[in-house]
Amino acid sequence: MACLAFVRKTWAQTVAKAGQDGTVLKNNADVQMVVNKAIPGTIHTSMKIGKEHLNNHDSLGMRPPTGASVNISCEFIRPGGKLGDEIKAVGKVLRVGRTLAFTRVEFFNEKDQIVAFGNHTKHMANSHQVVAFSPDGEKEIPVPENAPHAKDPALAKKK
């Protein structure tokens, strides 16, 4: 539960800042992304499709997020749903290197059919690992000494 609690807390803070995430995935009773499960490297979410997610054909078409992305792509395989339908997503961290992180997400409709998938490559040079979890995500554990960015110089100066 530690990993899930951490991701939910972090998501709530992200949405509260507004911006793209707060606008498109806003946290209100009608339309909100819910973090259902989180274990290290994988997150499961769901949300109801709202009017703000529909394109001019009344079908799902989310705007891409903003940020320092090296590459971001989304492939739509079939219509994602109509107003009020639930869409599910499973995101995975494929690799975190010294400067880049690679992620993939798959979106599923209410019939559990894949409707879209996306890839995101993010520049991570100024980041550092601040938390670690047991493989099942139940417990917070110390950040390993050999973790990417664990010995971040900027972090060491703050101590």
Side-chain angles (χ1 to χ4, degrees), residues 1-55 57-97 100-124 127-141 143 147-149:
M1 290 294 273
C3 185
L4 179 61
F6 176 82
V7 172
R8 283 180 172 165
K9 178 183 173 187
T10 303
W11 178 246
Q13 292 169 342
T14 299
V15 172
K17 293 179 186 175
Q20 182 70 21
D21 293 332
T23 300
V24 177
L25 305 172
K26 61 187 173 191
N27 198 13
N28 65 45
D30 298 322
V31 178
Q32 65 178 351
M33 188 184 83
V34 177
V35 179
N36 301 309
K37 180 179 178 182
I39 59 173
T42 303
I43 182 172
H44 292 250
T45 66
S46 62
M47 73 174 200
K48 295 284 185 188
I49 298 171
K51 283 196 261 186
E52 60 270 40
H53 305 124
L54 300 179
N55 60 23
H57 301 288
D58 288 330
S59 182
L60 180 66
M62 294 175 65
R63 299 177 298 200
T66 59
S69 300
V70 174
N71 184 41
I72 189 166
S73 67
C74 187
E75 304 291 332
F76 292 92
I77 298 170
R78 61 175 50 93
K82 300 289 184 183
L83 182 63
D85 289 350
E86 183 173 76
I87 187 167
K88 299 173 191 168
V90 176
K92 291 192 177 260
V93 176
L94 302 176
R95 182 176 188 277
V96 177
L100 296 174
F102 302 87
T103 62
R104 179 176 174 87
V105 63
E106 294 179 340
F107 297 93
F108 300 88
N109 62 17
E110 291 179 337
K111 296 176 185 175
D112 284 329
Q113 298 170 311
I114 189 167
V115 297
F117 63 89
N119 296 295
H120 189 188
T121 305
K122 190 88 167 174
H123 187 259
M124 302 292 289
S127 70
H128 59 276
Q129 187 170 349
V130 296
V131 66
F133 301 100
S134 59
D136 63 3
E138 291 294 317
K139 297 179 184 170
E140 187 172 336
I141 60 174
V143 174
H149 310 291

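Just so you know, residue 1 is the first one in the sequence shown, and it goes up from there. Computation of the quantities below employed the complete heavy-atom set of this structure, encompassing side-chain atoms and omitting hydrogens, waters and symmetry-equivalent molecules. In this text the structure is predicted, and so the values were computed from the model without any measurement.
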At their closest point, which heavy atom of Val105 faces which heavy atom of Ala89, and how far apart are they? CG2-CB, 4.0 Å
Can you sort out the partners of Gln113 under side chain to side chain donor-acceptor pair (under 3.5 Å), two or more places apart, ordered by chain and number? Asn109
Kindly state whether the ring of Phe6 and the ring of Phe133 have centres lying under 6.0 angstrom apart. yes
Under 3.5 Å donor-acceptor pairs involving side-chain atoms of residues 40-47, not counting sequence neighbours:
from, atom 1, to, atom 2, distance (Å)
Ser46, OG, Asn36, ND2, 3.1

Return the NZ to CD1 distance between Lys92 and Ile39, rounded to the nearest 0.5 Å. 7.0 Å
Residues in side chain to side chain donor-acceptor pair (under 3.5 Å) contact with Ser134, at least two apart in sequence or another chain: Asp136
Mind checking whether Thr103 and Asn119 have side chains closer than 4.5 Å, heavy atoms only? no
Residues in side-chain contact (heavy atoms from CB on, under 4.5 Å) with Phe102, at least two apart? Leu94, Arg95, Leu100, Thr121
What distance separates His120 NE2 from Cys74 SG, expressed to the nearest 0.5 Å? 12.0 Å
Mind checking what makes ring-ring contact (aromatic ring centres under 6.0 Å, His included) contact with Phe117, not counting sequence neighbours? none
With sequence neighbours left out, what residues match Glu86 under salt bridge (charged side-chain N to carboxylate O under 4.0 Å, His left out)? none
Side-chain donor/acceptor of Glu138 to backbone N/O of Met1, under 3.5 Å: yes
Measure the shortest side-chain to side-chain distance between Lys88 and Asp112 over non-hydrogen atoms and say whether it is less than 4.5 angstrom. yes
Side-chain (Arg8) to main-chain (Val35) donor-acceptor, under 3.5 angstrom: yes
Interatomic distance, Ile49 atom CD1 to Asp85 atom CG [nearest 0.5 angstrom]: 5.5 Å
Once you round to the nearest 0.5 Å, how far does NZ of Lys139 lie from SG of Cys3? 14.0 Å
Go through it in stages, so that I can follow the logic: the residues are Ile87 and Lys48, the test is side-chain contact (heavy atoms from CB on, under 4.5 Å), and I'd like the CA-CA distance, side-chain angles, deciding distance and then a yes or no. CA-CA 6 Å; Ile87 187 167; Lys48 295 284 185 188; over 6 Å; no
Please report the closest heavy-atom contact between Phe108 and Val90, naming both atoms and the distance. CE1-CG2, 4.2 Å
